[in-house]
Amino acid sequence: MAMIATTSLSGSSQSPRSPSTQPFLSVSVTDPAKLGNGVQSYISYRVITRTNLPEYQGPEKIVIRRYSDFIWLHDRLFEKYKGIFIPPLPEKNAVEKFRFSAEFIEMRRQALDIFVNRIALHPQLQQSEDLKTFLQVDEETMERARSQETGIFKKKPADFMQIFKDVQSKVSDAVLGKEKPVEESNPEYEKLKNYIFELEEDLAEAQKHAFRLVKRHKELGQSLSDFGKAIKLLGACEGNSLGKAFSELGSKSEMLSIKLQKEAHNLLMKFAEPLKDYVRAVQSIKATMAERATAFKHQYELAETIKLKEINLDKLMLIRSDKVGEAEIEYRELKVEGEEATKKYEMIVQLMNEEIVRFQEQKTWDVGVAFHELAKGQAQLANEIADAWRSLLPKLEACSSAQT
Amino acid sequence: MATITTRSLSGSSQSPRSPSAQPFLGITVTDPVKLGNGVQAYISYRVITKTNFPEYQGPEKIVIRRYSDFVWLRDRLFEKYKGIFIPPLPEKSAVEKFRFSSEFIEMRRQALDIFLNRIASHPELRQSEDLRTFLQVDEETMERARSQETGIFKKKPADLMQIFKDVQSKVSDVVLGKEKPLEESSPEYEKLKHYTFELEDHLAEAQKHAFRLVKRHRELGQSLADFGKAIKLLGACEGNSLGKAFSELGSKSETLSIKLQKEAHHLLMKFEEPLKDYVRAVQSIKATMAERANAFKHQCELAETIKLKEINLDKLMLTRSDKVGEAEIEYRELKAEGEEATRRFETIVRLMSEEIVRFQEQKTLDIGIAFHELAKGQAQMANEIADAWRSLIPKLEACSART
């Protein structure tokens, strides 16, 4: 299962999905190896970092990481860089028997490699301390870091779902006038939110059908293989030109079966997986939108509280209460908090604007590449199939014209 | 469901599977129409006969026939022309919901048309009275003929199966030396029998996989259609060049889906059905082999009986019994019967030898055509698919070039 990834950002073999950056930081996720036993078995990867950045320990560093380490990095970045669309991770769960299949491992390895390189290319994220930790510390230190912070930072999936629901329900509540809306009333942002939600649905549907397309290719290939075998068996009990025709047809079918399986794999890795990656990216945007909503709400509620405190303070000052001093301190602290919350919220808004632009550009590029791969692969397959069948025609014609 | 078939033996448009005969008898099975109601519903066909035979009410005659009429004809020919491979009929039963699907009806119509034309081009079968009856009498007369002879001529499928089993078991019994073989001991015929049984197995397997291939084409086509729709929906919420790319890709997928469905149908009619027809033809040969085995057994048993009667007669003549006269008559009658049985058996053997040659020739031709259709259809479809995808590439390149 040792697979060397050739995605490198340092010059020569550039994958179109990871454009180069100056100075450089390039990461390879490679050599998946199965470790452990039984239910505790897992896959470990070699993560090779090549860089000229001074903060890193010299030009090349190799560490061993597992999937949960990537999750740790993802979660830390999500906490620290609110407003930025954190690159998505491949899904955790897989059907048990599929979990160690070569295909699944390769898809995951590819996705993890893309994940780390996207972080390395992001102007802000690439400066993250957590990234440096992830790329350089030894396995023990990594394990310690990972288990330490499970309680504090890890949002349970259920929490996310609730936040999403809140974001959606707030819109309808506002419409129905149910409650005072604690939601931004920015029409452009509303439009963006609607676009993102619709996009996620349409993408999920397209991705589902893309995977089904892969499956159908496999099934057609299998069918051609079975057919080829049966035809060859038939030919074995015939003689002369007829038997030869059977045998040629059977061999050709088996050969085409292999081509179809190859294209099915190509479709999976170069088209269906990128589509799925796109879905994950959109989900990451939704997560950031939830963070923005939370920040807005926080900032808004603080503003409300500050107003009330102000009113209260004025009252106390009027009656010359001895609680004025205390109240004043509270008030000032709240104001600072309020400014802090507003600053955080505005930072998220500003970052998101930049992120949206980056996202649109990258997406257009990525989708274009994926479509191109699809069309190219399919055209090539179809050509090879046409050639194979056409090469059979003269041999079959010879057979049907020569009688017994 | 009215389909005019262009299969005619009278000169111009000759299907290679029904070679012309001189003088000519050309038959067309066409215009399937659903008649009757509910469980009694059935399909009727127009059978058009064009001929210059004097025995026919020339030059053109049109009658209405249903599937059971064809079964009647086949059964009569099977009884009367032992030794000849009677052209096969398409199967009777079909899954209820499929029975009136246009695809099933078309496959059946095609098979029935081929059936009649094969009879019409067979040097012996074409002279059959029953064929004339089938092609010419009105529907009432046909129905009367059909219901009359159910009891006498119709062999139940169970009987046929038993005969087949007997043919097979006799071979193994001989090998094990279990009983005095009531089976021809012709090594060449043994070889033919083994070949026929093996061929049927392999053919059935190949036909099963050919059918599955048709199904997979359909499924891939459906998948492309669903995919195309989903991609178009995606494109609807994008703008500019990306949205356009989605839309083009979606439309192209839907186009290709249609091509795949078309090829699936083509595969079914021009390849899978001919393979299935081949299976039926081999089964018809097995039925004839069973008849031959019966005739041989009958002729053998009569020979045994005649020997015994001869011995008995000699005994009676020795004792100057008064039963001699009676016994002599019996003996002579048996001898005549025995000669008749031997003649019948030898006719079957002779006819079968000619039939085998005809069959091999026809089969080679038919299979060659079927394979040719397969390769041609697949190559053409693949070419169209390749062109469709390639026409997309420049448009997609335009989209991914500018970020």
Side-chain angles (χ1 to χ4, degrees), chain A residues 195 198-199 202-203 205-206 208-210 212-213 215-217 219-220 222-224 226-227 229-231 233-234 236-237 241-242 245-246 249 252 361-365 367-369 371-372 374-376 378-390 392-393 396-397 399-401 403-404, chain B residues 195 198-199 202-203 205-206 208-210 212-213 215-217 219-220 222-224 226-227 229-231 233-234 236-237 241-242 245-246 249 252 357 360-361 363-365 367-369 371-372 374-376 378-390 392-393 396-397 399-401 403:
Chain A
Y195 165 75
E198 202 182 278
L199 182 64
D202 292 338
L203 263 179
E205 191 68 11
K208 175 177 94 177
H209 287 296
R212 204 171 282 175
L213 212 57
K215 191 163 166 233
R216 299 283 177 247
H217 274 71
E219 290 168 346
L220 181 59
Q222 184 58 50
S223 188
L224 270 168
D226 296 337
F227 174 73
K229 279 195 191 64
I231 289 289
L233 269 178
L234 243 186
C237 62
S241 65
L242 194 59
F246 276 109
L249 181 62
K252 204 62 88 171
E361 281 178 9
Q362 189 61 48
K363 170 192 66 172
T364 305
W365 173 259
V367 171
V369 169
F371 281 2
H372 199 251
L374 170 67
K376 234 179 40 174
Q378 290 280 297
Q380 192 175 318
L381 172 71
N383 262 123
E384 291 177 8
I385 290 176
D387 289 344
W389 286 115
R390 244 175 302 131
L392 257 188
L393 282 170
L396 295 176
E397 271 158 8
C399 159
S400 57
S401 54
Q403 301 258 354
T404 22
Chain B
Y195 165 76
E198 202 179 74
L199 182 64
H202 291 320
L203 264 179
E205 190 70 8
K208 176 178 94 177
H209 287 295
R212 210 172 277 176
L213 211 58
K215 192 164 164 232
R216 298 282 177 248
H217 274 69
E219 290 168 347
L220 180 60
Q222 184 59 51
S223 189
L224 273 166
D226 296 338
F227 173 73
K229 278 196 193 64
I231 289 289
L233 269 177
L234 245 186
C237 62
S241 68
L242 194 59
F246 276 108
L249 180 62
K252 205 61 89 170
V357 174
Q360 299 277 37
E361 280 178 10
K363 170 192 69 171
T364 305
L365 185 73
I367 287 296
I369 290 169
F371 281 0
H372 201 254
L374 170 67
K376 229 176 44 166
Q378 290 278 298
Q380 190 176 318
M381 177 188 71
N383 260 122
E384 291 176 10
I385 291 177
D387 288 343
W389 285 115
R390 241 173 307 124
L392 254 188
I393 290 175
L396 296 177
E397 271 162 1
C399 159
S400 60
T403 14

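Lettering follows sequence order; numbering is per chain, from 1.
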Q: Under a 3.5 Å cutoff, is there a donor and acceptor pairing between the side chains of B/H217 and B/Q222?
A: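 The criterion, which ignores hydrogens and geometry beyond distance, is not satisfied for B/Q222 and B/H217.
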Q: Between B/H202, B/K208, B/K252, which has the largest tally of heavy atom pairs under 4.5 Å with chain A?
A: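 Counting heavy-atom pairs under 4.5 Å, the top option is B/H202.
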Q: Among B/L392, B/L203, B/I231, B/I385, which residue has the highest count of heavy-atom pairs closer than 4.5 Å to chain A?
A: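 The residue among B/L392, B/L203, B/I231, B/I385 with the greatest pair count is B/L203.
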Q: When heavy-atom pairs shorter than 4.5 Å are enumerated against chain B, which of A/E205, A/Q378, A/H217, A/R212 gives the highest number?
A: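 Among the listed options, the one with the most contacts to chain B is A/Q378.
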Q: Under 4.0 Å between a Lys/Arg side-chain N and an Asp/Glu carboxylate O for A/R390 and A/D387?
A: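 Judged by the 4.0 Å cut-off on N to carboxylate O distance, A/R390 and A/D387 do form a salt bridge.
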Q: If you round to the nearest 0.5 Å, how far is CG of A/L220 from NZ of A/K215?
A: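 The CG atom of A/L220 is 13.5 Å from NZ of A/K215, to the nearest 0.5 Å.
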Q: Report which part of A/L224 has an atom under 4.5 Å of a heavy atom belonging to chain B: side chain, backbone, both, or neither.
A: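 Both the backbone and the side chain of A/L224 come within 4.5 Å of chain B.
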Q: Report the distance from atom OG of B/S223 to atom CD of A/E219, rounding to the nearest 0.5 Å.
A: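 Reported to 0.5 Å precision, the distance equals 9.0 Å.
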Q: By a 4.5 Å heavy-atom criterion (distance strictly below it), what part of B/Y195 contacts chain A: side chain, backbone, both, or neither?
A: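 Contact with chain A involves the side chain of B/Y195 alone.
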Q: Would you mind checking which part of A/Y195 comes under 4.5 Å of any heavy atom in chain B, side chain (CB onward), backbone (N, CA, C, O), both or neither?
A: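 Just its side chain gets close to chain B.
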Q: Using non-hydrogen atoms only, which part of B/L213 is less than 4.5 Å away from chain A: side chain, backbone, both, or neither?
A: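 Contact with chain A is through both the backbone and side chain of B/L213.
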Q: Any chance you could measure B/H209, atom NE2, to A/Q222, atom CD, to the nearest 0.5 Å?
A: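 B/H209 NE2 to A/Q222 CD: 9.5 Å, rounded to 0.5 Å.
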Q: Please check if the number of heavy atoms outside A/K363 that lie under 6.0 Å from its NZ is greater than 12.
A: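 Count over threshold, so yes.
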Q: Who among A/L249, A/L381, A/L392 has the most heavy-atom pairs with chain B under 4.5 Å?
A: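 Ranked by contacts with chain B, first place is A/L249.
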Q: Could you tell me whether B/K215 atom NZ has more than 12 heavy atoms of other residues or ligands within 6.0 Å of it?
A: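 It does not: B/K215 NZ has 12 such atoms or fewer within range.
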Q: Shorter than 4.5 Å, heavy atoms on both sides: which option in B/L233, B/L224, B/D226 has the most such pairs with chain A?
A: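 Maximum pair count with chain A is reached by B/D226.
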